[in-house]
Amino acid sequence: MTDQSADFATRLLDWFDQHGRHDLPWQVRDYPDKHPYKVWVSEIMLQQTQVKTVLNYFDRFMQRFPSVESLAQASWDDVAPYWAGLGYYARARNLHKAAQQVVAQGSFPHTLEGWMALSGIGRSTAGALMSLGLQQYGVIMDGNVKRVLSRHQAIAGDSMSSPVVAQLWQLATVLTPVQRNADYTQAIMDLGATLCTSKKPLCLYCPVREDCKAYQQNRVLEFPQKKAAKATPVKHAVVIIIEHEQTGQWLWQQRPSEGLWGGLYCLPIVEQTELAAFQAQFSLTTGCSLPTVKHSFTHFSWFLTPQVFKVNAAQHDALQHYFAASQWLDKQQAMDKGLPKAMLKVLGQC
DNA sequence: AATTCGGGGCT
DNA sequence: AGCCCAGAATT
């Protein structure tokens, strides 16, 4: 360990002791905690997701699935409602699957490679689990670390590109101490989340500003560098609200486990160009349209126009067969299944 | 090494 | 509307 790295870690740890976040619900207070389960669940929830958002889900999830065994034993339909609205639903499916893997193995992984062998766990999450979960040596590379280190060393180039990522991993590995490794891991994330923020960094309070190259050059906001984002495509589709004439229930379908909103219940969605054919196939009389809802994903924007069709008993069997994995539910039943945010927006129009 | 995958919140 | 967030998996 070089003098510079010791100095960096020491200053960061001293700052962390006074100003870091010590009361997050997944932080283990009584070391050593033999079970990394809590940290694991938190790390998966926190992938690409802000702490504030996760706080609304974590305790409820842990109360329902307090151990890896309880999660492994549950069915997917039990798990989905506890993740609904959190996004990136593949994380939940991977977590559920990995819990079953852990139970089958008989114990949690105890190496970086062991963690990475579980689905949904890459290098950074595995490092976090070694560090925060097992109190062993671990190195992470999340958005916070990228921002802190690329500023501190004024690293040029797209921070998502392979050479820069490799450089950041190398730097992170050199700077991460063996002593108090878990505290350091938490500290550098806390620094990124509370001081070295993307838009309004509070450099005057930063414990490592004196040797921060971006700060010295008055270029803090220029890092991390990234290539220009390309415009997100726009799509239009129709949300099919099929209302049972007698019961008033709607036809919902559980989406296939792969892909968008995988494993969640949604109203059927068809491309606008397919609507006429769909309507003709089932002899549906045109129902009323509801106000269009806009929903943005990372890779495209969706303009969803809900349209209501009332169907009689003769039509409803054919429709249920046409939409795979579908069932008739009233509003509350559907919400209890767990819905993505876009479906809640649609319900808000009704 | 580069591209794809894929939700939600905040300003 | 654009950007950010405790990235992973695939090609």
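Below, chains carry the letters A, B, ... as their sequence lines are ordered, and counting in each starts from 1.
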| message | Heavy atoms only, 4.0 Å cut-off, all strands: where does A:K294 land among base, sugar-phosphate and nothing? | response | sugar-phosphate
| Contact under 4.0 Å: A:S162 side-chain N or O vs B:dA2 OP1/OP2 | yes
| said: At less than 4.0 Å, is any side-chain N or O atom of A:S42 found next to OP1 or OP2 of C:dA6? Yes or no. | reply: no
| said: Within the 4.0 Å heavy-atom criterion, would you say A:Q47 contacts the bases, only the backbone, or no part of the nucleic acid? | reply: sugar-phosphate
| task | Starting at atom CZ of A:F297, determine the distance to atom C1' of B:dT4, rounded to an integer number of angstrom. | result | 16 Å
| message | Does C:dC5 have its OP1 or OP2 closer than 4.0 Å to a side-chain nitrogen or oxygen of A:R147? | response | yes
| request: Report which part of the nucleic acid A:E258 touches: base, sugar-phosphate, or nothing (heavy-atom distance under 4.0 Å, all strands). | output: nothing
| field | Distance test, side-chain N/O of A:S198 to OP1/OP2 of C:dC4, below 4.0 Å | value | yes
| Atom CE of A:M116 and atom P of C:dT10: how far apart are they, to the nearest Å? | 13 Å
| Contact list for residues 258-275 of chain A, test side chain to side chain donor-acceptor pair (under 3.5 Å), sequence neighbours left out | A:Y265-A:Q327
| query | Using the C1' atom in both, what is the distance from B:dG6 to C:dC4, to the nearest Å? | reply | 15 Å
| request: Could you tell me whether A:T185 contacts a base, only the sugar-phosphate backbone, or nothing, with contacts defined as non-hydrogen atoms closer than 4.0 Å? | output: nothing
| Would you say the ring centroid of A:Y184 lies under 6.0 angstrom from that of A:Y137? | no
| task | Let me know, please, whether A:I121 or A:G192 comes out on the 5' side of the other along DNA chain C by nearest nucleotide. | result | A:G192
| field | Note: A:D190-A:R21 ion pair, threshold 4.0 Å (strictly below) | value | yes
| Which of residues 137-145 of chain A sit near DNA chain C, with a heavy atom under 4.0 Å from it? | A:D142, A:G143, A:N144
| query | Does the distance from a Lys or Arg side-chain N to an Asp or Glu carboxylate O, for A:D211 and A:R11, drop under 4.0 Å? | reply | yes
| message | Could you report the tightest heavy-atom contact between A:G138 and A:T176, atom names first, then the distance? | response | O-CG2, 3.7 Å
| query | With sugar-phosphate meaning primed atoms plus P, OP1 and OP2, does A:R91 contact a base, only sugar-phosphate, or nothing at under 4.0 Å between heavy atoms? | reply | nothing
For nucleotides 9-11 of chain B, tabulate all protein N/O to nucleotide N/O atom pairs closer than 3.5 Å, reporting atom names and distance.
{"unit_1": "B:dG9", "atom_1": "OP1", "unit_2": "A:K341", "atom_2": "NZ", "d": "3.2"}
{"unit_1": "B:dC10", "atom_1": "OP1", "unit_2": "A:K52", "atom_2": "NZ", "d": "3.3"}

| request: Return the value, rounded to whole Å, for the distance between atom CE of A:M160 and atom P of B:dT3. | output: 12 Å
| Across the strands shown, which category fits A:W302 at heavy-atom distances under 4.0 angstrom: base, sugar-phosphate, nothing? | nothing
| query | B:dG7 P sits how many Å from A:I44 CD1, rounded? | reply | 15 Å
| task | State whether A:K226 places a side-chain N or O below 4.0 Å from either non-bridging phosphate oxygen (OP1 or OP2) of C:dC3. | result | no
| field | Value in whole Å for how far the P atom of B:dA1 lies from NZ of A:K227 | value | 15 Å
| message | If you assign A:A166 and A:A90 each to the DNA chain B nucleotide with the nearest heavy atom, which residue ends up on the more 5' nucleotide? | response | A:A166
| task | Round to a whole Å and report the spacing from CG of A:N56 to P of B:dG8. | result | 13 Å
| message | Pick the closest DNA chain B nucleotide for A:S161 and for A:G262 by heavy atoms, then say which residue is nearer the 5' end. | response | A:S161
| message | Any base atoms under 4.0 Å from A:L24, or only sugar-phosphate, or nothing? Heavy atoms, all strands. | response | base
| query | Quick one: which of A:I241, A:L264, A:L267, A:I242 gives a side-chain contact (heavy atoms from CB on, under 4.5 Å) with A:W252? | reply | A:L267
| query | Side chain of A:Q48: nearest nucleotide among C:dA6, B:dG7, C:dG7? | reply | C:dG7
| task | Pick base, sugar-phosphate or nothing for A:T232, based on heavy-atom distances below 4.0 Å to the nucleic acid. | result | nothing
| task | Indicate, with yes or no, if the rings of A:W83 and A:Y57 have centres closer together than 6.0 Å. | result | no
| task | Could you check how far CG of A:L55 sits from C1' of B:dG8, rounded to whole Å? | result | 15 Å
| message | Students often get this wrong, so: under 4.0 angstrom with heavy atoms, is A:Y89 touching a base, only sugar-phosphate, or nothing? | response | sugar-phosphate
| query | Would you say A:R255's side chain and A:G262's backbone share a donor-acceptor pair under 3.5 angstrom? | reply | no
| message | Has A:Q216 got a side-chain atom pairing as donor or acceptor with A:E210's backbone, closer than 3.5 angstrom? | response | yes
| Parallel, tilted or perpendicular for A:W302 and A:F300, by the 30°/60° rule? | perpendicular
| task | Have a look at A:V51 and say if it touches a base, only the backbone sugar-phosphate, or nothing, with a 4.0 Å heavy-atom cut-off. | result | base
| field | Interatomic distance where CG belongs to A:L46 and P belongs to C:dA8 [whole Å] | value | 12 Å
| Got a donor-acceptor contact below 3.5 angstrom from the A:R219 side chain to the A:R151 backbone? | no
| request: Answer with base, sugar-phosphate or nothing: what part of the nucleic acid does A:L86 contact at a heavy-atom distance below 4.0 Å? | output: sugar-phosphate
| message | Between A:K331 and A:D336, does the salt bridge (Lys or Arg N to Asp or Glu O under 4.0 Å) criterion hold? Intermediate values first, please. | response | CA-CA 9 Å; A:K331 201 178 210 176; A:D336 290 344; over 6 Å; no
| Any side-chain N or O of A:H299 under 4.0 Å from OP1/OP2 of B:dT4? | no
